[in-house]
Amino acid sequence: MTILVGYVPSPEGEAALRAGIDEARRRAEKLLVVNTTRGDAHADPRFAQEPDLTHVREDLAALGVAFDVRQVVGARDAAEEIIDLAETMGASLVVIGLRRRSAVGKLIMGSAAQQILLGAGCPVLAVKAEG
């Protein structure tokens, strides 16, 4: 089985990665780290750059965790990509980071975390960054 981590280069993404590592070790499962963007914006702060991904790969290799890192650029949003990948890979768990948003922000923009929580066919662990 596989544990899928939705990763963004932020404190919330790092919290999700750390929680995913803990779960992968505890369950003796492989970790799939996924970073995605729709590709419709000139600059997307959620899309990890190569130094971010190098940091993730080096950390996971140093910890001895079996892993794969994927970046997906497509027409769908991150929640849809993560839900579909979790199903395709037979994920036993999806780990995502949460950030605080205003009620108006959630109303206008929606919530990827909410979509994943409601749409994933496996358990979802949602974590917050410290502080």
Side-chain angles (χ1 to χ4, degrees):
M1 298 291 282
T2 300
I3 295 174
L4 189 152
V5 174
Y7 177 78
V8 294
S10 69
E12 295 81 12
E14 290 295 321
L17 182 61
R18 297 292 161 227
I21 291 167
D22 290 345
E23 288 295 325
R25 285 178 154 173
R26 188 173 67 76
R27 298 170 182 230
E29 294 183 18
K30 182 177 179 178
L31 196 64
L32 174 59
V33 180
V34 178
N35 176 252
T36 184
T37 184
R38 292 180 80 150
D40 58 354
H42 182 66
D44 184 351
R46 296 171 306 241
F47 194 63
Q49 301 302 307
E50 193 52 42
D52 300 314
L53 296 178
T54 298
H55 154 73
V56 168
R57 288 183 184 103
E58 288 174 351
D59 279 359
L60 293 172
L63 293 169
V65 176
F67 70 93
D68 187 19
V69 176
R70 292 191 190 176
Q71 265 193 314
V72 180
V73 178
R76 301 184 315 161
D77 66 20
E80 291 171 322
E81 292 291 349
I82 288 171
I83 291 167
D84 284 353
L85 263 174
E87 184 176 324
T88 301
M89 301 298 297
S92 63
L93 178 70
V94 173
V95 183
I96 57 173
L98 296 177
R99 65 184 173 94
R100 183 174 210 101
R101 295 182 58 183
S102 70
V104 173
K106 285 186 263 188
L107 177 66
I108 294 171
M109 300 297 289
S111 169
Q114 183 178 10
Q115 283 181 273
I116 294 167
L117 286 164
L118 296 174
C122 65
V124 177
L125 174 60
V127 297
K128 293 192 282 185
E130 290 186 28

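Along the sequence shown, residues carry numbers from 1.
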> Is it true that Arg76 and Glu81 have a side-chain N and a carboxylate O under 4.0 angstrom from each other?
Replying inline: yes

>> Is there a side chain to side chain contact (heavy atoms under 4.5 Å, CB included) between Val94 and Cys122? Walk through the geometry before answering.
In response: CA-CA 7 Å; Val94 173; Cys122 65; 3.7 Å; yes

>> Restricting to side chain to side chain contact (heavy atoms under 4.5 Å, CB included), what partner residues turn up for Val8, sequence neighbours left out?
In response: Ser10, Asn35, Arg46

>> Determine whether a donor-acceptor pair (N or O, by modelled atom type, separation under 3.5 Å) exists between the side chain of Thr2 and the backbone of Lys30.
In response: no

> Would you say the side chain of His55 lies within less than 4.5 Å of the side chain of Glu50, judging by non-hydrogen atoms?
Replying inline: no

> Val73 versus Phe47: any side-chain heavy-atom pair under 4.5 Å?
Replying inline: yes

> Any donor-acceptor pair under 3.5 Å linking the side chain of Glu80 with the backbone of Asp77?
Replying inline: yes

> Where the side chain of Gln71 meets the backbone of Ala48, is there a donor-acceptor pair that is under 3.5 Å apart?
Replying inline: yes

>> Just so I know, are the side chains of Glu12 and Ile96 near enough to count as touching, which here means a heavy-atom distance under 4.5 Å?
In response: no

> To which residues is Ile21 joined in a hydrophobic cluster, defined by side-chain heavy-atom contacts under 4.5 Å among Ile, Leu, Val, Met, Phe, Trp and Tyr, whether direct or through other members?
Replying inline: Ile3, Val5, Tyr7, Leu17, Leu31, Val33, Leu53, Val56, Leu60, Leu63, Val65, Phe67, Val69, Leu93, Val95, Leu125, Val127

> At what distance, to the nearest 0.5 angstrom, does CG of Asp68 lie from CG of Leu32?
Replying inline: 5.5 Å

> With the threshold set at 4.0 Å, does a side-chain nitrogen-carboxylate oxygen contact exist between Asp52 and Arg57?
Replying inline: no

